[in-house]
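A short write-up of the structure that comes next.
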Amino acid sequence: MKVKWTCIKKDRRSLARRGTLWTSHGPVETPVFMPVGTQATVKSMAPFELEEMGARILLSNTYHLYLRPGAQLVDKLGGLHGFMKWDGPILTDSGGFQVFSLGPLRKIREEGVEFRSHIDGSKHLFTPESVMQTEELLGADIAMAFDECIPYPATYEYTKAATERTSRWAARCKAAHTREDQSLFGIVQGGMFADLRKLSAQALVEMDFPGYGIGGLSVGEEKPVMYEMLEYTTPLLPEDKPRYLMGVGSPDCLVEGVLRGVDMFDCVLPTRIGRNGTVFTSQGKLVIRNAKYKEDPRPLDEKCGCYACRNFSRAYIRHLFNTGEILGARLASTHNLYFLLNLMAELRLAIQEDRLEETAGRLLAAWQEEK
RNA sequence: GGAGGGAUUCCCGAGUUGGCCAAAGGGGGCAGACUGUAAAUCUGCUGGCACUGCCUUCGAAGGUUCGAAUCCUUCUCCCUCCA
């Protein structure tokens, strides 16, 4: 079946909405945060741990899985669900972000994008059609259209050309996509130009996708710019379709995104900074490697109920990082994921109970002065 | 007892035709970054200070020299080989 999003409640004072995303692998309460498992694994986390911490839907990546182990193999071993043993819903990104992040390793043409593998330098051509084929083999519940994540800063001319190309690619993706049990989301681009965002949104809405990604944000622009683009873009999208802000996941951005009508988020931040020794807390960021935690018996966050916080001291986790022990990365990732998942749960409840403003304000307070 | 080699900044370890050496590099330590993952990664700092300069430092003491981690003398300690 195609995914379907139903609204439970709309916030009166903001664009925020509480809803449910129905998928053939179960319902997902929104707004939701999706942990990122680029290579069919959320780095260092086992599926049962993700489930236990409250993760409901995961993201994986077409480009990376295409290179290794190959989509045919994943398909043969039961698709992504069977391969990585995750029974909940999965979303695959198209490789559009790699068009951006792989920079010099790729050439963009109208036909598609020529990549040089970051692994062995071999050449590969990604077209909207080939990406659809790959994503269908991977078999996620939601497949993202092949787009170009535009770098920042970019000129108006470049942004316009790239955005229009992404729209043409979206149409090609839609035409090429055949799998009935998978939903294809289009992706709004437009850089930091309001009129281009509008052009992009209109073009995509016309194609009628079951959901829409908002891409090309959080690529280096100031946060107020991103928020401005966001609150301009979401009202241009259909009320009854889910909106997915791609690649965003710092606690403050999640709150601001929800307030602007975003239903889905994904981000590598919790797992990446976790592996690198930084954790989110109700008081802001905390770099657990720092000397001041050497003898600290407290948990990472005294208000947190995650496995790491229920069982271990800052002193111990710092020790794990300082000795390079893998468990440190695992505990910090566990905590950070739980923290964001819990944050989203709080926001969902707040929308439902009509007190989003207060909750958002409280959650934001810890992060305001951070950046 | 005899012959030889060596002691360098927190650690290991370059540097000994005297100036370009507060002294390579690595480790450790300290701090920072990270937002659809080329990331268990990357960056900066790591003698002191009133810091575009000055002061103290290369086992210890003394000496040569305009100038010494680098040359000379004595001493202390370590290692190897022969007895």
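In the text below, chain A, chain B and the rest are named by the order of the sequence lines, each starting its count at 1. Just so it is clear, the values below take in all heavy atoms, side chains as well, and ignore hydrogens, waters and symmetry mates. All of these numbers come straight from a predicted model, not from anything done at the bench.
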Check: A:Asn61 main-chain N/O paired with A:Asp93 side-chain donor or acceptor under 3.5 Å: no
Sidechain-backbone polar pair: A:Arg318 side chain, A:Arg289 backbone, donor-acceptor under 3.5 Å: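 Confirmed, A:Arg318 side chain pairs with A:Arg289 backbone.
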Less than 6.0 Å separating the ring centroids of [X] and [Y]?
| X | Y | answer |
| --- | --- | --- |
| A:Phe100 | A:Phe97 | yes |
| A:Tyr212 | A:Phe185 | no |
| A:Tyr307 | A:Tyr338 | no |
| A:His124 | A:Tyr66 | yes |

Whether A:His64 and A:His118 hold their rings parallel, tilted or perpendicular, with breakpoints at 30° and 60°: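 Plane angle over 60°, so perpendicular.
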RNA chain B contacts made by residues 211-218 of chain A, counting heavy atoms under 4.0 Å: A:Gly216, A:Ser218
Residues touching RNA chain B, which here means a heavy atom under 4.0 Å, drawn from residues 173-182 of chain A: none
Span that lies between the [atom1] atom of [M] and that of [N], in whole angstrom:
| N | M | atom1 | value |
| --- | --- | --- | --- |
| B:rG13 | B:rC79 | P | 15 Å |
| B:rA69 | B:rA7 | P | 15 Å |
| B:rC78 | B:rC72 | P | 24 Å |

Contact summary for A:Trp22 and A:Thr6, nearest pair of heavy atoms: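 For A:Trp22 versus A:Thr6, the nearest heavy atoms are NE1-OG1, 2.8 Å.
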Could you tell me the Watson-Crick or G-U partner of [N], where both distances fall under 3.5 Å? Say none if there is no partner.
| N | result |
| --- | --- |
| B:rU17 | none |
| B:rC45 | B:rG29 |
| B:rU76 | B:rA7 |
| B:rA69 | none |
| B:rA40 | none |
| B:rU57 | none |

OP1 or OP2 of [N] sitting under 4.0 Å from any side-chain N/O of [X]?
| X | N | answer |
| --- | --- | --- |
| A:Ser101 | B:rA38 | yes |
| A:Asn61 | B:rG36 | no |
| A:Arg318 | B:rC30 | yes |
| A:Asn322 | B:rC30 | yes |
| A:Gln98 | B:rU37 | yes |
| A:Arg289 | B:rC30 | no |

Sugar-phosphate only, base, or nothing, as touched by A:Thr271 at under 4.0 Å among non-hydrogen atoms: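 The residue A:Thr271 makes base contact.
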Touch class at under 4.0 angstrom, heavy-atom based, for A:Ala329 against every strand present: nothing
Toward the 5' end of RNA chain B, by each residue's nearest nucleotide, A:Arg275 or A:Cys267: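 Per heavy-atom nearest nucleotide, the more 5' residue is A:Cys267.
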Closest-nucleotide 5' rank along RNA chain B - winner of A:Asp147 and A:Asn290: A:Asn290
Protein-nucleotide distance (A:Gln189, atom CD; B:rG36, atom C1'), rounded to Å: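 Atom-to-atom, A:Gln189 to B:rG36, this comes out as 10 Å.
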Distance in angstrom units between A:Leu91 CG and B:rU37 P, rounded: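 About 11 Å, once rounded to whole Å.
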Heavy atoms of other groups near A:Glu295 CD, more than 12 under 6.0 Å: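 Not buried by this count: 12 neighbours or fewer within 6.0 Å.
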Stepwise side chain to side chain donor-acceptor pair (under 3.5 Å) test for A:Asn336 and A:Ser333: CA-CA 5 Å; A:Asn336 281 344; A:Ser333 295; over 6 Å; no
Output side-chain donor-acceptor pairs under 3.5 Å for residues 187-197 of chain A, partner residues at least two apart or in another chain, one line each.
residue	atom	partner	partner atom	Å
A:Gln189	NE2	A:Asp147	OD2	2.8
A:Gln189	NE2	A:Glu148	O	3.3
A:Asp195	OD2	A:Tyr156	OH	2.5
A:Arg197	NE	A:Gln189	O	3.3
A:Arg197	NE	A:Gly191	O	2.9
A:Arg197	NH1	A:Val188	O	3.3
A:Arg197	NH1	A:Gln189	O	3.3
A:Arg197	NH1	A:Gly215	O	2.9
A:Arg197	NH2	A:Gly191	O	3.1
A:Arg197	NH2	A:Gly215	O	2.9

